[in-house]
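A short write-up of the structure that comes next.
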Amino acid sequence: MSFLDLATKRFSVRSYTSQPVEAEKIDAILECARLAPTAGNTQSQRIRVLADQESLAKVDESTRCRFGAPLVFMICYDEDACWKRFDGA
């Protein structure tokens, strides 16, 4: 499938079941993220998988865009490890 085909067929999901996401799928997504290129190959991203009710409640407090998804990937970065431009730009 070409990127154009993929981009044409994309859609946003705003309705989820409460069915838990299989561990194999979560692991596959995390492995893809681990292998993704990063600036300077610093791998400064930190990914948290939020699936317990307490964490999801905190997500719901900060955004209305979870739409009932059974888990959330929270993508963060380590400011000390991330690549920074040195020319001030």
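These numbers were taken from a predicted model, which means no experiment stands behind them.
- The CD atom of Glu54 sits 10.5 Å away from the CG atom of Leu56 when rounded to the nearest 0.5 Å.
- Between Phe67 and Tyr16 the shortest heavy-atom distance is O-CD1, 3.2 Å.
- Counting heavy atoms from C-beta on, the side chains of Ile47 and Ile29 never come closer than 4.5 Å.
- Of the possible donor and acceptor atoms, one in the side chain of Gln45 sits under 3.5 Å from a partner among the backbone N and O of Ala33.
- Contacts classified as salt bridge (charged side-chain N to carboxylate O under 4.0 Å, His left out) and involving residues 24-40 (residues at least two apart or in different chains) are given here: Glu22-Lys25, Glu31-Arg34.
- In this structure, Leu71 is a member of the same hydrophobic cluster as Ile75, with clusters built from ILVMFWY side-chain heavy atoms closer than 4.5 Å.
- Between Ser18 and Pro70 the shortest heavy-atom distance is O-CB, 4.3 Å.
- Ser55 contributes no side-chain N or O that, together with a main-chain N or O of Ala51, makes up a donor-acceptor pair within less than 3.5 Å.
- A distance of 15.0 Å separates CZ of Arg10 from CG of Asp5, quoted to the nearest 0.5 Å.
- With values rounded to the nearest 0.5 angstrom, Met1 atom CE is found 12.0 Å from Phe3 atom CZ.
- Follow the hydrophobic side-chain contacts under 4.5 Å out from Val72 and you never reach Val21; the two are in separate clusters.
- Judged by distance alone, with hydrogens and angles left aside, the side-chain atoms of Thr63 form no donor-acceptor pair with the main-chain N or O of Asp60 at under 3.5 Å.
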